[in-house]
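Note that ligands are numbered from 1 as they come in the structure, with each ligand's atoms numbered from 1 the same way.
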Amino acid sequence: MDYGRPSPLDGQSYYRATATPYPALSPLDGEARADVAVIGAGLTGLSAALELTARGYSVVVVERGRLGDGGSGRNGGQICTGFAPGMSKLERLLGRRDAEICFAVAEEGKALIRQHIAAHKIGCDLAEGQIVCAPKPGHLDALARERDELESYGYHQTSLLDAAELHARVGTPLYHGGLLDRGGGHFHPLNYVIGLGRALLQAGGRIHEHSPVLSIEPGSRSVLRTTQGVLSADAVVVACDAYLGKLLPAIAPRIMPVASYVIATAPLAEALASSLIRDGEAVADANFVVDYFRLTRDRRMLFGGRCSYSGIDPSDLAANMRPRLARVFPQLSQVAIDYAWGGHIAITYNRLPDAGRIGKSLYYAQGYSGQGVVLSGIFGKMMAEAIAGETSRFDIFGRIPHAPFPGGPLARPALTLGMLYYRIRDLLA
Ligand SMILES: Cc1cc2nc3c(=O)[nH]c(=O)nc-3n(C[C@H](O)[C@H](O)[C@H](O)COP(=O)(O)OP(=O)(O)OC[C@H]3O[C@@H](n4cnc5c(N)ncnc54)[C@H](O)[C@@H]3O)c2cc1C
């Protein structure tokens, strides 16, 4: 990623075009002090900041660009259950008892979204339900195993759909069935982020946009330098996820930023829209390289997928994504595409979140591997708890081992090969 260069991923997004207005947030200028400095105004950073402010800490958030400029304001908006690789991986790594705590954390992440929306009256088009579809017959067995696993964790909100049941709900013959999760959902992620930002300002927190942190000098009082200012704080929350770049080399190799593209069509006629997703849930497929789609409140089809692992993004994202949309919904092959954009998803090697502490005062959480809409908020909250001395559940996640990507995030050839493996696996599954 080169932040200086224009990128096709920064094309006009549906979310920016329909964003809730908010007051200008001036860059950090000169010297400032806070109990806690938060780097990054996405879901992780703002959630940590809100929780810290509620606990009486003074908090300053510094953001390179604007609120939600990272994955948080660009994503598919899908509210998912649990963790990307499933609970069995956590169970193998941490044992059943701690895996149960992790599952409860992820569920709390879902509840937190609804709490924030209600408490801060955030208008962000929240809708209920998510369906994961089976592109291959074998995926249906995997989805049945996932349902059983979730039930063993006390989660009873999923139902397996056979091909006929799925086709009645999702208007494409492409899938062999699916798993309906009534506890999932979707929303307008940027408006949710902006709502959190406004709530933070009302609670007395400070946010500075256009304030890239250039360096961190950790210490009993850490010092962050931005282009125009210097911020010192007792504790620092690093919430940069896929947009971390070279800021913190100790954790950078543990995540790989993978590009994903999103398009939004022109508004669809009511009958057409409901023939595509009858009950308006979020939909994703069960591939490793996931297609994800949903209807927006104004009945656009918002369709994402097609990761780039090579680091080279096509210049015309709309043209690139159209065949993928038409493969799922041939009915939409001629529809106008009004918006096309993209963003980077941070994945870890084991697709579990990477969270921990460096020294006594630097906290970080990253690498939600495609499930950050829910996990980012609760990981932000857990970092705030840890800063306040309540470390027990944050420390459980710190025990998850994370292998660095060979050569770090800049080693594109190794990543391209590695991800090609998963692409082929999707085709053969
Ligand atoms: C296209 C796309 C689709 C996705 N779809 C889904 C989905 O449907 N469901 C789901 O669960 N997850 C999805 N994700 C993942 C999800 O969006 C992320 O996991 C989540 O938003 C991470 O939140 P965050 O706050 O940790 O990081 P981000 O939202 O990326 O925020 C990091 C922030 O840090 C700032 N920053 C970085 N470096 C600096 C610096 N040096 N100084 C100051 N600021 C800095 C960045 O500008 C950015 O605003 C998707 C991601 C993308 C890109």
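- Taking a cutoff of 4.0 Å between a charged side-chain nitrogen and a carboxylate oxygen, Glu51 and Arg55 qualify as a salt bridge.
- Nearest-heavy-atom check against atom 23 (O) of ligand 1 across Ser72, Gly42, Ala346 picks out Ser72.
- Remark: the Tyr292 side chain and the Gln130 side chain contain no N/O donor-acceptor pair separated by less than 3.5 Å.
- For ligand 1, the polar-atom distance check finds no N/O of Ile39 at less than 3.5 Å from any of the ligand's N/O atoms.
- Residue Val62 touches ligand 1 through its backbone alone, judged by heavy-atom distances below 4.0 Å.
- Heavy atoms of Ala239 approach ligand 1 to within less than 4.0 angstrom.
- Ion pairing between a basic and an acidic side chain is recognised when a charged N comes within 4.0 Å of a carboxylate O; Asp234 and Lys360 show no such pairing.
- Of the listed residues (Val38, Asn75, Val61), the one carrying the non-hydrogen atom nearest atom 2 (C) of ligand 1 is Asn75.
- Residue Arg74 places no N or O, backbone or side chain, under 3.5 Å from any N or O of ligand 1.
- A side-chain donor-acceptor contact under 3.5 Å links Asp181 and Tyr155.
- Contact atoms of ligand 1 toward Ser260: 1 (C) (distance under 4.0 Å to a heavy atom of the residue).
- When the options Tyr243, Phe187, Phe379 are ranked by their closest heavy atom to atom 38 (N) of ligand 1, first place goes to Tyr243.
- Between Tyr15 and Trp341, the two ring planes are perpendicular [angle over 60°; tilted spans 30° to 60°].
- A salt bridge links Asp10 with Arg74: the closest approach of a Lys/Arg side-chain nitrogen to an acidic carboxylate oxygen falls below 4.0 angstrom.
- For the residues Gly342, Gly343, Pro212, Gly76, the heavy atom positioned nearest atom 5 (N) of ligand 1 is part of Gly76.
- Near Leu247, with a cut-off below 4.0 Å to any heavy atom, the atoms of ligand 1 are 41 (N).
- Residue contact check: Gly77 has heavy atoms under 4.0 Å from atoms 8 (O) of ligand 1.
- Remark: ligand 1 and Val213 share an N or O pair separated by less than 3.5 Å (distance only, no angle test).
- Numbered from 1 in the order shown, with element, the atoms of ligand 1 that lie under 4.0 Å from a heavy atom of Val262 read 1 (C).
- Taking every heavy atom of Tyr292 and a limit of under 4.0 angstrom, the matching atoms of ligand 1 come to 1 (C), 2 (C), 3 (C).
- Ring centroids of Phe293 and Phe329 are separated by less than 6.0 Å, placing the two rings close together.
- Distances between N or O atoms of Gly70 and those of ligand 1 include at least one value under 3.5 Å.
- At a heavy-atom cutoff of 4.0 Å, ligand 1 is contacted by no atom of Gln366, backbone or side chain.
- Of the polar atoms of Gly71, at least one N or O is found under 3.5 Å from an N or O of ligand 1, judged by distance alone.
- Looking only at atom types and distance, the side chain of Arg182 has a donor-acceptor partner in the side chain of Ser159 under 3.5 Å away.
- Polar contact with ligand 1: absent for Ala242 (N/O pair, distance under 3.5 Å).
- Of all the listed residues (His186, Gln130, Glu63), Glu63 holds the heavy atom that lies closest to atom 49 (O) of ligand 1.
- Using a 4.0 angstrom heavy-atom cutoff, Gly370 counts as in contact with ligand 1.
- A donor and an acceptor atom, one from each side chain of His402 and Arg254, are nowhere located under 3.5 Å apart.
- Among all heavy-atom pairs drawn from Arg324 and Val289, the shortest one is NH2-O, 3.9 Å.
- For ligand 1 and Leu43, the ligand atoms under 4.0 Å from any heavy atom of the residue are 25 (O).
- Using modelled atom types, one finds a donor on one side chain and an acceptor on the other under 3.5 Å when comparing Asp298 with Tyr14.
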